[in-house]
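Working notes for the structure below.
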Amino acid sequence: MRLIENWFSERYSDNLQLSFRVKDQLLSIKTDYQRIDLFDTYDFGKLLSIDGTVQLTEKDEYVYHEMITMIPYYFNKKPKNALIIGGGDGGAAKRLLKLNFENIVNAEIDQNVVEVSKKYFPEIASSFNDKRVKLIIGDGIKYVKNSSEKFDRIIIDSTDPVGPAEGLFSEEFYRDIKNHLTDDGIVVTQSGSPYYQEGALSLAYKGLSEVFSNVKSYLAFIPTYPSGLWSFTMASKSEFTVRDENVINGIYFNKDVLTGSFYLPEFVKKIIY
Ligand code: SAM
């Protein structure tokens, strides 16, 4: 008897892709903004993909979500409120709640991402049931243009810079973000794989540098993202200072990672400087 195997592959280049063997495909929908697929994989549990690219898996989502929230958390004055742009899975909001943020506004463009996450990742999406989290379904770019509230942290938890997220990597957007930051507030954006998506990192770093006097990129190991090496870039109007307080360990994040993730290999420095 012939064994039938099912695989989901994310293409990194014309010549390379990463494939996950899947037990089942649980969902595939085309929304007004993107295509959403959900797979039950053998090695990484449930996997959410948007437009063919992995957004999160049950097994390694903690790296991305800890790193996009906990690194900027420990710099400058203790933050109390935050704006998340994107983040429809609820993972960033969940980590901010753990860090005792008092108010979180989450602007996600696609209601379907939230619904899918509530159904298939209920533990992660539980953040949307917390009264400290206000979910706004709408374009983050318009939200920052048309509102005036100030935030201590702004987390740009977006898809790659194509389609609805393209403008989330633009200088104009970063200028609007600046108007929403408190004096020593910090904005952080995911900035792609330095190996396969140099363009995303250089767009984010250079765009933020046009607008903010303090910009720093840092790295993390995320096994299910292209090449495994992922970058984040944070910016502020004031200098970055690590607060003198005990650091809570995550599963990935710890005191060493808080400083060590900013040490960049030479090929990454060449992309941004
Ligand atoms: N961890 C992920 C990654 O880097 O692969 C990001 C996850 S999160 C699901 C990304 C979200 O950004 C998606 O749900 C998408 O709908 C949302 N998004 C894209 N463009 C947006 C925009 N202009 N405004 C608000 N949300 C947006």
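As the structure lists them, so they are numbered: ligands from 1, and atoms in each ligand from 1.
- Nearest protein heavy-atom neighbour of atom 3 (C) of ligand 1: Y225 OH, 3.2 Å.
- The shortest heavy-atom distance from L56 to ligand 1 is not under 4.0 Å.
- Under a 4.0 Å heavy-atom criterion, Y33 is not in contact with ligand 1.
- Any N or O atom pair closer than 3.5 Å counts here, and I50 shares no such pair with ligand 1.
- If you check which protein heavy atom lies closest to atom 12 (O) of ligand 1, you get G86 CA, 3.4 Å.
- Contact analysis leaves L48 out of contact with ligand 1, as no non-hydrogen atom separation drops below 4.0 angstrom.
- Looking only at protein heavy atoms, the nearest one to atom 24 (N) of ligand 1 is G140 N, 2.9 Å.
- Atoms CD1 and NZ, from I272 and K269 in turn, are 8.5 Å apart once rounded to the nearest 0.5 Å.
- For ligand 1, the atoms sitting less than 4.0 Å from at least one non-hydrogen atom of A165 are 19 (C), 20 (N), numbered in the order shown with element in parentheses.
- Aromatic pair Y62/F253: ring centres not closer than 6.0 Å.
- Looking at D89 and Q55, their side chains never bring a donor and an acceptor atom within 3.5 Å of each other.
- Ring to ring, F75 and F262 are close: their centroids are under 6.0 angstrom apart.
- With rounding to the nearest 0.5 angstrom, the CG atom of D60 is 8.0 Å from the CZ atom of F221.
- Closest to atom 19 (C) of ligand 1, if we only count protein heavy atoms, is T159 OG1, 3.3 Å.
- With ligand atoms numbered from 1 in the order given, ligand 1 contributes 5 (O) to contacts under 4.0 Å with heavy atoms of V54.
- Of the protein's non-hydrogen atoms, D157 O, 3.3 Å is the one closest to atom 10 (C) of ligand 1.
- With respect to the salt-bridge test (charged N to carboxylate O, under 4.0 angstrom), the residues E115 and K119 do not qualify.
- Taking every non-hydrogen atom of D110 and a distance limit under 4.0 Å, the qualifying atoms of ligand 1 come out as 16 (O).
- A side-chain contact (heavy atoms from CB on, under 4.5 Å) with P194 is found for exactly one of S217, P226, S231, namely S231.
- Listed by atom number, the atoms of ligand 1 under 4.0 Å from D139 heavy atoms are 22 (C), 23 (N), 24 (N).
- Residue Y143 places every heavy atom at 4.0 Å or more from ligand 1.
- Heavy-atom proximity to atom 14 (O) of ligand 1, evaluated over Q55, E108, K142, is greatest for E108.
- R95 forms no cation-pi arrangement with Y64, by the criterion of a distance under 6.0 Å to the ring centre and an angle within 45° of the ring axis.
- V54 and Y33 fall into different hydrophobic clusters, where Ile, Leu, Val, Met, Phe, Trp and Tyr side chains are chained together by heavy-atom contacts under 4.5 Å.
- Within the 4.0 Å heavy-atom shell around ligand 1 one finds Q34.
- With salt bridges taken as basic N to acidic carboxylate O contacts below 4.0 Å, one links E172 and K145.
- For ligand 1 and A107, the ligand atoms under 4.0 Å from any heavy atom of the residue are 25 (C), 26 (N).
- Two rings, from F44 and F8, have their centers 6.0 Å or more apart.
- Atom 25 (C) of ligand 1 has its nearest heavy-atom neighbour, among T53, N106, D89, I109, in I109.
- Using modelled atom types, one side-chain atom of N214 and one backbone atom of S238 make a donor-acceptor pair closer than 3.5 Å.
- Note: no N/O pair closer than 3.5 Å links L168 and ligand 1 by distance alone.
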